[in-house]
Asker: 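Here's a structure for you.
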Amino acid sequence: MSGRTKFVLDEADMPTQWYNVVADLPEPPPPPLHPGTGEPVGPDDLAPLFPMALIQQEVSGERYIPIPDEVQEVYRLWRPSPLFRAHRLEKALGTPARIYYKYEGVSPVGSHKPNTAVPQAFYNAAEGVTKLTTETGAGQWGSALAFACAQFGLECEVWQVRASYDQKPYRKIMMETFGATVHPSPSDLTNSGRAVLKEHPDSTGSLGIAISEAVEMAAADPAARYALGSVLNHVLMHQTIIGEEALRQFELAGDTPDVIVGCTGGGSNFGGLAFPFLREKLAGRISPSIRAVEPAACPSLTRGTYTYDFGDTAGLTPLLKMHTLGHDFIPDPIHAGGLRYHGMSPLLSHIVSLGLVDAVAVGQNECFAAGVRFARAEGIVPAPEPTHALAECVREALRCKETGEEKVILTALCGHAHLDLPAYESYLAGDMVDRELTDEELQTAMSTIPAR
Ligand SMILES: *Cc1c(COP(=O)(O)O)cnc(C)c1O
């Protein structure tokens, strides 16, 4: 074994601006529409939900946005994050490929989510907001926002998808430790929750329902705003610090990626790693393939439709043009809770529709097999979500083994599984199921997409 394994930047070399890929795209992404008028939504429509600074970032065409000093200070608790060369995984696979992973599990909650939670809390506090509401699935986003709110003295109220609330008590305890209040969703605290419970008293919830509840509560309280952990342009932009750091670390490594893969739930960790590399590709300096990996049980990019749909179940959000499975779609309770969203980032959807990024879907057994392989070689138990990216890395590395190609593969290892170990328990016990999603199931959910 030769060469370095870990590429670390000094704190002083942490990037001080986020990158906005919109500035470099051949066409701008289609705007969100007001569901009533069908017209693009304006800042005033969004003001009850978000602070003005984030609304401006959401519609910005500026290439770079400075990271406020207060946000940089909190980032320095764990950033810059390390880039690793996976020498031991390469050896275990017997591949001539060189595999690198950018590891976000070093953050306070063990994932990339605080990269956007911290600036969101900062901008809200700066505009006098005193409380943030949000939804969470497995609890990664809720714990990130709870941590960020504690940094800036904000209250935090979280609606957690019932299935995870019951099955994964540790995330709830973490959120409460950071000072948040956590409700299972659907709850009887909101009209949206009550409507679901009336029809389905035993509902195990979905991200779409939990979003409706959190949005409804924020809209009703003038001192509160809503925070979203993925999907929106400003969220993906905050995550670009991952890719900006990785670019610098690849300079240290003296290497260049040929393939970049990441898992996609709403698109934020993937966009965060990939967009700075996409900028370099669009400028003709590098030419990697860039690939999104999604669960076969929730295949918005590979089997969904690129059209206007609601971001939530109750239809309270603007209409977003995105790859969607229909806002009523409730995916199987796969273990990668963060990838169970019916839609996709409109910005990433646009980029996929332009042919700049491709997508594949993988079943969860193959993902956990890759996760176990990775853990045994590299010593990190990956969160269920990035095992999807690792499965594609393994496929790519084994293709290289056949062809003898020495490809350089880069992946986003966006979190660890320390609070998701029951997923591994289920895999190791042979209990994990891969159910084929039928075309009929997909058509049923799509029938509720608003006509335009
Ligand atoms: C939330 C989450 C995801 C999915 O969200 P993206 O916006 O697609 O990144 C993936 N991995 C982890 C570890 C998460 O916490």
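One-based numbering, in listed order, for ligands and for the atoms of each.
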Asker: Does an N or O from G265, backbone or side chain, lie closer than 3.5 Å to an N or O of ligand 1?
Answerer: yes
Asker: Below 4.0 angstrom, N of the basic side chain to O of the carboxylate: do E176 and K172 qualify?
Answerer: yes
Asker: Sequence neighbours left out, what passes side-chain contact (heavy atoms from CB on, under 4.5 Å) with R63? Give chain and number order.
Answerer: Y19, A23, D24
Asker: I'd like to check which ligand 1 atoms, numbered from 1 as shown, lie under 4.0 Å from a non-hydrogen atom of C414.
Answerer: 10 (C), 11 (N), 12 (C), 13 (C)
Asker: Considering both backbone and side-chain atoms of S230, is one of its nitrogen or oxygen atoms within less than 3.5 Å of a nitrogen or oxygen in ligand 1?
Answerer: yes
Asker: Of the listed options (E294, H388, H112), which comes nearest to atom 12 (C) of ligand 1 when hydrogens are ignored and any heavy atom counts?
Answerer: H112
Asker: What atoms of ligand 1 come closer than 4.0 angstrom to any heavy atom of Q140?
Answerer: 15 (O)
Asker: If I apply the N/O under 3.5 Å rule, does C263 come out as touching ligand 1?
Answerer: no
Asker: Using distance only, find each side-chain donor-acceptor pair of residues 358-367 under 3.5 Å and give its atom names and separation, not counting sequence neighbours.
Answerer:
{"unit_1": "Q364", "atom_1": "OE1", "unit_2": "H335", "atom_2": "N", "d": "3.2"}
{"unit_1": "Q364", "atom_1": "NE2", "unit_2": "V433", "atom_2": "O", "d": "2.9"}
{"unit_1": "N365", "atom_1": "ND2", "unit_2": "M432", "atom_2": "O", "d": "3.1"}
{"unit_1": "N365", "atom_1": "ND2", "unit_2": "D434", "atom_2": "OD2", "d": "3.0"}
{"unit_1": "E366", "atom_1": "OE1", "unit_2": "R395", "atom_2": "NH2", "d": "2.9"}
{"unit_1": "E366", "atom_1": "OE2", "unit_2": "R395", "atom_2": "NE", "d": "2.7"}
{"unit_1": "E366", "atom_1": "OE2", "unit_2": "R395", "atom_2": "NH2", "d": "3.4"}

Asker: Going by the atom numbers of ligand 1, which of them fall below 4.0 Å from some non-hydrogen atom of T264?
Answerer: 8 (O)
Asker: May I ask you to identify, for K113, whether its side chain, its backbone, both or neither come under 4.0 Å of ligand 1 on a heavy-atom basis?
Answerer: side chain
Asker: Answer yes or no: does an N/O atom from G229 fall short of 3.5 Å to an N/O atom of ligand 1?
Answerer: no
Asker: T95 side chain to A397 main-chain N or O, any donor-acceptor pair under 3.5 Å?
Answerer: yes
Asker: Would you say the rings of F84 and F7 are close, in the sense that their centroids are separated by under 6.0 Å?
Answerer: no
Asker: Heavy-atom count around R376 CZ within 6.0 Å, excluding the residue itself: above 12?
Answerer: no
